[in-house]
Student: 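Let me begin by handing over the structure; questions about it come next.
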Amino acid sequence: MEKNAESSQAPTPGEEDLSKEIEELVLNLPTEKNWDGSYLYQYQGFWCPSRHIHGTISFQRRFQAQDTDIILTSFPKSGTTWLKALTFTIVNRFRYELKDSPLLTTSPHDLLPVNQIQHSTHNQTPTLEEFPTPRIFATHIPYASLPVSIVNSNCRIVYICRNPLDQFISNWHFLLELREQTKEPISLDEAFEMICNGIQAFGPIWDHVLGYWKASAEKPHKILFLKYEDLKVGINFYVKKLADFLGCPFSKEEESRNVIEEISKFCSFDNMKKLEVNKNGRLNDGIKTKVFFRKGLVGDHTNYLNSSMSERLDKILEEKLGGSGFTFKKP
Ligand code: A3P
């Protein structure tokens, strides 16, 4: 099985210089402690996690997009895992029958790793040319900070967003799971205060979403903008839409064989969550795979946030998004 995750063994020429330059640059960036005790750096207007900063800059400077590439983009905890599973399955449906899918034994995150993390691994530049076509990459970097070749080439971008209240609760649980057990977790109230100020990995969330929203309005053939909540209520429609957008539409014959419905079911939360690899596995970088499958619901924030908290964030979002024409889905 081919994986989208190989990296070259020898450091790339110039990599040491880049590391030094990045170390110096990071010293001068504003910084905040993230909820899990790790650090965030304010880089190009967004809060970049310390473990992503080197990879982000290396990705920006080195990545050469090809016209056939597919770039999956998202704000963390907004449905990235689902989008990866769907895209991989749709695009590779003639290579792998569902019963032989690599997703049965490999996490979507190992099949399609986040690109800036790949660029960080061992200070090496991944040998991306060897990936099968179409190459599928994933990143959380905001639109304005994407590598120039992604914006200028004819590659396609798919973006998924999610209601920030649910995204917050999802992220809160995720970081609690990942934190070093020795570190005292930040309280929900403290974390909430931070997101109200836009401080979380790749935040502010409103800037992230608006960047992709505006770009998709300008270039609808290049950027497909999706909402987690829409997928939850009409996944078959979006599987079809995704396939059309990616240039691999379903034939009438496939439709009559219910291929769309089968892909939807295969990539569903219930099906993915129960696979051994997603229950008891670990990613190549050691993270437990089960942390990517919690509840998969719309509106779970109502179980954690009181109405004054929800109203406060809703009001901030209204102000930040005002006049853009964009609104988040509410449960
Ligand atoms: P919850 O924590 O609310 O359950 P990301 O993939 O961007 O990290 O987002 C993770 C969120 O997506 C988690 O939300 C997770 O449960 C949910 N999720 C993962 N796979 C999913 C799927 N196939 N369908 C729907 N939701 C899914």
Side-chain angles (χ1 to χ4, degrees), residues 35-36 49 52 71-90 98 101 103-104 106-117 136-142 158-178 188 191 195 200-203 205 208-209 212 225-239 242 261-275 277-279 281 283 285 287-305 310 328-331:
W35 317 344
D36 57 351
H52 287 244
I71 317 286
L72 305 181
T73 54
S74 58
F75 199 78
K77 313 325 291 171
S78 298
T80 321
T81 316
W82 196 7
L83 182 61
K84 285 180 176 183
L86 288 167
T87 306
F88 181 87
T89 306
I90 291 168
L98 291 181
S101 172
L103 284 163
L104 293 169
T106 310
S107 160
H109 295 290
D110 274 343
L111 273 181
L112 308 176
V114 167
N115 213 269
Q116 68 269 12
I117 295 183
I136 309 173
F137 300 112
T139 184
H140 295 310
I141 293 179
V158 184
Y159 181 75
I160 188 160
C161 73
R162 186 182 192 186
N163 181 294
L165 293 156
D166 281 345
Q167 181 276 337
F168 167 62
I169 293 303
S170 181
N171 203 15
W172 163 250
H173 284 99
F174 183 72
L175 291 186
L176 281 187
E177 291 280 348
L178 292 195
L188 186 81
I195 61 147
Q200 62 173 314
F202 302 97
I205 190 169
H208 201 278
V209 172
Y212 283 99
F225 189 101
L226 301 173
K227 295 181 183 176
Y228 181 91
E229 295 78 10
D230 286 338
L231 268 64
K232 286 290 291 187
V233 292
I235 187 61
N236 293 333
F237 173 83
Y238 285 99
V239 167
L242 203 47
E261 290 78 3
E262 280 174 12
I263 291 178
S264 302
K265 207 165 156 201
F266 180 77
C267 296
S268 69
F269 180 80
D270 289 344
N271 189 50
M272 286 280 130
K273 187 182 168 90
K274 71 171 194 254
L275 296 175
V277 62
N278 297 325
K279 268 198 312 201
L283 297 185
D285 62 9
I287 294 179
K288 287 183 184 163
T289 49
K290 70 173 186 197
V291 300
F292 294 96
F293 299 90
R294 196 180 62 92
K295 289 188 183 172
L297 298 177
V298 172
D300 190 38
H301 69 268
T302 54
N303 295 317
Y304 297 88
L305 304 177
S310 308
F328 286 107
K329 292 268 165 162
K330 290 191 182 175

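Remember, it's 1-based here, ligands and their atoms both numbered in the order they're listed.
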Student: Which atoms of ligand 1 sit under 4.0 Å from any heavy atom of G79?
Tutor: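 Answer for ligand 1: 5 (P), 6 (O), 7 (O), 9 (O).
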
Student: Would you tell me which option among W172, F292, W82 has the nearest heavy-atom contact to atom 19 (C) of ligand 1?
Tutor: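 Selected option, by shortest heavy-atom distance: F292.
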
Student: So do L111 and K84 actually touch side chain to side chain, heavy atoms under 4.5 Å?
Tutor: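 No, every pair of side-chain atoms sits at 4.5 Å or beyond.
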
Student: What residue and heavy atom of the protein are closest to atom 12 (O) of ligand 1, and at what distance?
Tutor: Y228 CE1, 4.1 Å

Student: Just which atoms of ligand 1 are under 4.0 Å from any heavy atom in T80?
Tutor: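 What qualifies from ligand 1 is 5 (P), 6 (O), 7 (O).
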
Student: Give me the one residue out of Y304, F168, F293 that meets ring-ring contact (aromatic ring centres under 6.0 Å, His included) with H173.
Tutor: Y304

Student: Calculate, to the nearest 0.5 Å, the distance between atoms NE2 and CZ belonging to H52 and F202 respectively.
Tutor: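 Spacing of NE2 (H52) from CZ (F202) equals 4.5 Å.
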
Student: Tell me whether T81 has any N or O atom under 3.5 angstrom from an N or O of ligand 1.
Tutor: yes

Student: Can you figure out which of R162, H173, R294 has its heavy atom closest to atom 11 (C) of ligand 1?
Tutor: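 Answer by nearest heavy atom: R162.
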
Student: To the closest 0.5 Å, what do you measure between NZ (K273) and NZ (K279)?
Tutor: 10.0 Å

Student: When you look at T73 and H140, which way does the side chain to side chain donor-acceptor pair (under 3.5 Å) test go after all the steps?
Tutor: CA-CA 6 Å; T73 54; H140 295 310; over 6 Å; no

Student: For C267 and ligand 1, does the shortest N/O to N/O distance drop below 3.5 Å?
Tutor: yes

Student: Do W35 and Q200 have side chains that get closer than 4.5 Å, going by heavy atoms?
Tutor: yes

Student: Among all protein heavy atoms, pick out the one at the shortest distance from atom 8 (O) of ligand 1; state its residue, atom name and that distance to 0.1 Å.
Tutor: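 Among all protein heavy atoms, the one nearest atom 8 (O) of ligand 1 is K77 NZ, 2.6 Å.
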
Student: Applying a strict 4.0 Å limit to heavy atoms, is F174 in contact with ligand 1?
Tutor: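 F174: no contact with ligand 1 (<4.0 Å).
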
Student: Under 4.0 Å, counting heavy atoms only: does S78 come that close to any atom of ligand 1?
Tutor: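 Yes, that is the case, since the closest heavy atom of the residue is under 4.0 Å from the ligand.
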
Student: Between F293 and ligand 1, is there a nitrogen or oxygen pair with a distance under 3.5 Å?
Tutor: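 Looking only at distances, the answer is no, because the N/O contact criterion of under 3.5 Å is not met.
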
Student: Nearest 0.5 angstrom please: D230 CG to I160 CD1, how far?
Tutor: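 Here the interatomic distance stands at 9.0 Å.
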
Student: First locate atom CG of L72, then atom CG of L83, and finally report the distance between them rounded to the nearest 0.5 Å.
Tutor: 4.5 Å

Student: Any idea which protein heavy atom is nearest atom 13 (C) of ligand 1, and the distance to it?
Tutor: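 Closest protein heavy atom to atom 13 (C) of ligand 1: S170 OG, 3.6 Å.
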
Student: Taking 4.0 angstrom as the limit and counting only heavy atoms of G296, give me the atoms of ligand 1 inside it, by number and element.
Tutor: 1 (P), 4 (O), 16 (O), 26 (N)

Student: Considering only the protein, which heavy-atom contact is closest to atom 27 (C) of ligand 1, and what is its distance?
Tutor: F269 CD1, 3.6 Å

Student: Does S74 come within less than 4.0 Å of ligand 1, judged by its heavy atoms?
Tutor: no

Student: Is it the case that atom NZ in K232 sees more than 12 heavy atoms from other parts of the structure closer than 6.0 Å?
Tutor: yes

Student: Can you give me the closest heavy-atom contact between A201 and F75, atom names plus distance?
Tutor: O-CZ, 3.5 Å

